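A short write-up of the structure that comes next.
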Amino acid sequence: MASLWQRIASPLQRWPILHRLALQLVVAGTVLVGCGVVYWWIEPHTPTLPDGLWLAFVTASTLGYGDLIPSTHASRMFSVFVVLLGFGVLSFVTAAIAATFVESQERRMEREILHDLHRQVKALHTELESLREEMRRR
């Protein structure tokens, strides 16, 4: 089991963006399971936990298939919360994915700038050495 965890955690440690994205997905999954449990508890038309989880997923993703719908006032009010939570989670995950692309492009640009800077410093160092040699000869 430790080997499996090391295989999963190793890329996450090398890429902090992936670490944040994985953490966000774990939190989103945990919140979705929690919402499913609440639906299972307060909604009479969800007799099983999988039904509660399905209702939470459909509500959070704003799909609304209509096979299970909130029927009590408490579950309808909770649905408003779940929809807003779904918007928030979707926004965070989308932002993390976009940040991955932006950060990788920024890193590539930084490498190019540093490579160019090192080349210029090396050229200046060579020119300085040649000027020192010329000064010694005089």
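Note that the coordinates shown come from a computational prediction; the quantities given were computed from them, not determined experimentally.
Donor-acceptor pairing under 3.5 Å is lacking for the side chains of S91 and T94.
Linking Ile, Leu, Val, Met, Phe, Trp and Tyr whenever their side-chain heavy atoms come within less than 4.5 Å puts W41 and L85 in one cluster. The hydrophobic cluster containing M77 does not contain L84, counting ILVMFWY residues as joined when their side-chain heavy atoms lie under 4.5 angstrom apart, directly or transitively. If you chain together hydrophobic residues whose side chains sit under 4.5 Å apart, V83 and L32 never meet in one group. M135 and L128 fall into different hydrophobic clusters, defined by Ile, Leu, Val, Met, Phe, Trp and Tyr side-chain heavy atoms under 4.5 Å apart, directly or through other members. Residues V38 and F87 do not share a hydrophobic cluster, defined by chaining ILVMFWY side chains whose heavy atoms lie under 4.5 Å apart.
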**Message:** Applying side-chain contact (heavy atoms from CB on, under 4.5 Å) to Y39 and S79, what does each step give before you reach the verdict?
**Reply:** CA-CA 9 Å; Y39 272 127; S79 293; 2.6 Å; yes
**Message:** Please evaluate residues T30 and V26 with respect to the criterion side-chain contact (heavy atoms from CB on, under 4.5 Å), reporting the C-alpha separation (whole Å), side-chain torsions for both, the decisive distance (0.1 Å), and the verdict.
**Reply:** CA-CA 6 Å; T30 304; V26 166; 4.2 Å; yes
**Request:** Go through the steps for R132 and E129 under the test salt bridge (charged side-chain N to carboxylate O under 4.0 Å, His left out), then give the verdict.
**Result:** CA-CA 5 Å; R132 283 181 181 162; E129 285 299 318; 3.2 Å; yes
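The minimum heavy-atom distance between I42 and S75, with the atom names listed, is CD1-CA, 3.5 Å. The heavy-atom pair separating R76 from P70 by the smallest distance is NE-O, 3.4 Å. Here the shortest heavy-atom pairing between P44 and T72 reads CD-CG2, 3.5 Å. The two residues L68 and T46 make their nearest non-hydrogen contact at CD1-CG2, 4.3 Å. Residues C35 and V82 come closest through the heavy atom pair SG-CG2, 3.9 Å.
From Q120, atom CD reaches atom NE2 of H115 across 10.5 Å, with rounding to the nearest 0.5 Å. From D67, atom CG reaches atom CG of D51 across 8.5 Å, with rounding to the nearest 0.5 Å.
The pair R136-E133 counts as a salt bridge, with a side-chain nitrogen and a carboxylate oxygen less than 4.0 angstrom apart.
In this view, F81 and F78 satisfy the ring pair (Phe, Tyr, Trp, His ring centres under 6.0 Å) rule, not counting sequence neighbours.
A donor-acceptor contact shorter than 3.5 Å is absent between the side chain of T59 and the backbone of A56. For W40 (side chain) and L53 (main-chain N/O), no donor-acceptor pair under 3.5 Å exists by modelled atom type. The backbone N or O of G52 sits nowhere less than 3.5 Å from a side-chain atom of E43 that would complete a donor-acceptor pair.
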